[in-house]
Amino acid sequence: MVDRSAEARTPRGDGTDGRVLAGIGERIGRLRTDREWSRPALAEAARVTEQRLADVEDELATPTLAELTELANVLNVQLAELFTDAVPGPAAVVMRGDEVPTVESGDVAVQVLTPRSVLPGMYAARYRLSPTGVGVRPVQHEGHDWLYVLSGELRVDFEQDSVTLRAGDSASFGATVWHRLVVPGEEPAEFLAVGATLLTTPAD
């Protein structure tokens with residue numbers, strides 16, 4: 001289950017996060033209806049309470065990055081599709097740097113850089129990860145990941161090995177392998193990530 005110890009209801013339009021995520025609750029509700037999910041069923045599948053989902057859909061609460069990831073996976077859409085209704089044009093889709101929403105959850109901040117399904121099954125995002133003892137939770141998912149460090153230091157832990165990347169370094173690997181991201185230094189790490197979107201937590 002998602003840790004909700006720090007969750008609190010946020011009135012509609014209250015604070016920067018509310019402005020950044022304006023409309024995201026309505027999109028989640030519309031996608032749920034289009035895919036014929038009841039609210040209780042979607043809440044259970046996405047591992048949130050029904051009340052929490054209701055608050056998110058009614059824009060009375062700001063969803064965390066973990067919750068958005070779970071909802072996108074269950075609804076079978078890219079994370080970016082929860083942020084915008086914009087339909088890609090015939091040639092190119094431009095996302096201006098000052099218009100890309102940033103979602104923060106704990107030690108992680110992310111900007112989704114691929115609107116809608118520009119490349120089916122793929123995503124590109126910019127992350128900022130703060131120093132922490134354990135890093136983000138380990139994940140496995142289909143496809144491959146490519147990481148490029150913009151600043152700071154990033155360590156990628158695998159089951160049997162680990163690699164440390166610094167600004168200008170990159171790494172690519174099969175994402176079906178258990179992996180976890182950790183910032184070993186005292187400064188946040190900023191990096192680009194390109195890969196598949198569907199995430200699952202490895203079995204204990």
Side-chain angles (χ1 to χ4, degrees), residues 1-8 16-17 20-21 24 45-48 52 62-74 77-83 95 97 100-114 119 121-204:
M1 297 292 290
V2 176
D3 181 6
R4 299 176 184 80
S5 60
E7 289 178 353
T16 301
D17 286 345
V20 168
L21 299 180
I24 197 168
R47 301 187 294 177
V48 298
R52 175 65 175 171
T62 300
T64 66
L65 177 60
E67 289 169 338
L68 290 174
T69 300
E70 292 284 356
L71 287 166
N73 290 343
V74 174
V77 298
Q78 289 195 2
L79 188 60
E81 195 164 346
L82 301 183
F83 290 89
M95 299 184 72
V100 179
T102 299
V103 177
E104 297 192 37
S105 179
D107 295 324
V108 183
V110 61
Q111 290 182 312
V112 178
L113 304 177
T114 45
L119 291 174
M122 301 294 290
Y123 79 94
R126 177 171 181 157
Y127 287 86
R128 184 180 74 250
L129 181 60
S130 299
T132 177
V134 297
V136 297
R137 64 179 183 176
V139 295
Q140 293 172 275
H141 56 92
E142 295 299 321
H144 291 76
D145 273 355
W146 176 82
L147 305 176
Y148 179 84
V149 177
L150 299 169
S151 65
E153 191 172 86
L154 180 70
R155 192 180 78 229
V156 188
D157 290 341
F158 303 101
E159 286 186 286
Q160 306 295 332
D161 197 4
S162 66
V163 294
T164 298
L165 307 173
R166 298 174 179 83
D169 294 344
S170 63
S172 57
F173 50 89
T176 55
V177 175
W178 180 102
H179 57 284
R180 174 173 54 199
L181 305 181
V182 180
V183 175
E186 297 181 356
E187 300 295 327
E190 293 198 16
F191 58 96
L192 299 175
V194 178
T197 57
L198 299 180
L199 306 178
T200 59
T201 301
D204 294 331

Return the minimal non-hydrogen interatomic distance between [X] and [Y], and the atom names on each side.
| X | Y | value |
| --- | --- | --- |
| Pro188 | Arg128 | CB-CG, 4.0 Å |
| Gly195 | Asp145 | CA-OD1, 3.6 Å |
| Ser170 | Leu165 | O-CD2, 4.0 Å |
| Ser151 | Ala167 | CA-CB, 4.1 Å |
| Leu82 | Leu68 | CD1-O, 3.7 Å |
| Asp169 | Thr164 | OD2-O, 4.4 Å |

Any sub-3.5 Å donor-acceptor pair from Thr64's side-chain atoms to Glu67's backbone N or O?
yes

Does Val156 reach the side chain of Phe173, with side-chain heavy atoms less than 4.5 Å apart?
yes

Between Asp107 and Val183, is any pair of side-chain heavy atoms under 4.5 Å apart?
no

Rounded to the nearest 0.5 Å, what separation is found between the [atom1] atom of [X] and the [atom2] atom of [Y]?
| X | Y | atom1 | atom2 | result |
| --- | --- | --- | --- | --- |
| Arg47 | Leu71 | CZ | CG | 11.0 Å |
| Phe191 | Arg126 | CZ | CZ | 11.0 Å |
| Leu65 | Tyr127 | CG | OH | 6.5 Å |
| Leu150 | Leu192 | CG | CG | 4.5 Å |

Quick one: do Glu153 and Arg166 make a salt bridge, cutoff under 4.0 Å?
yes

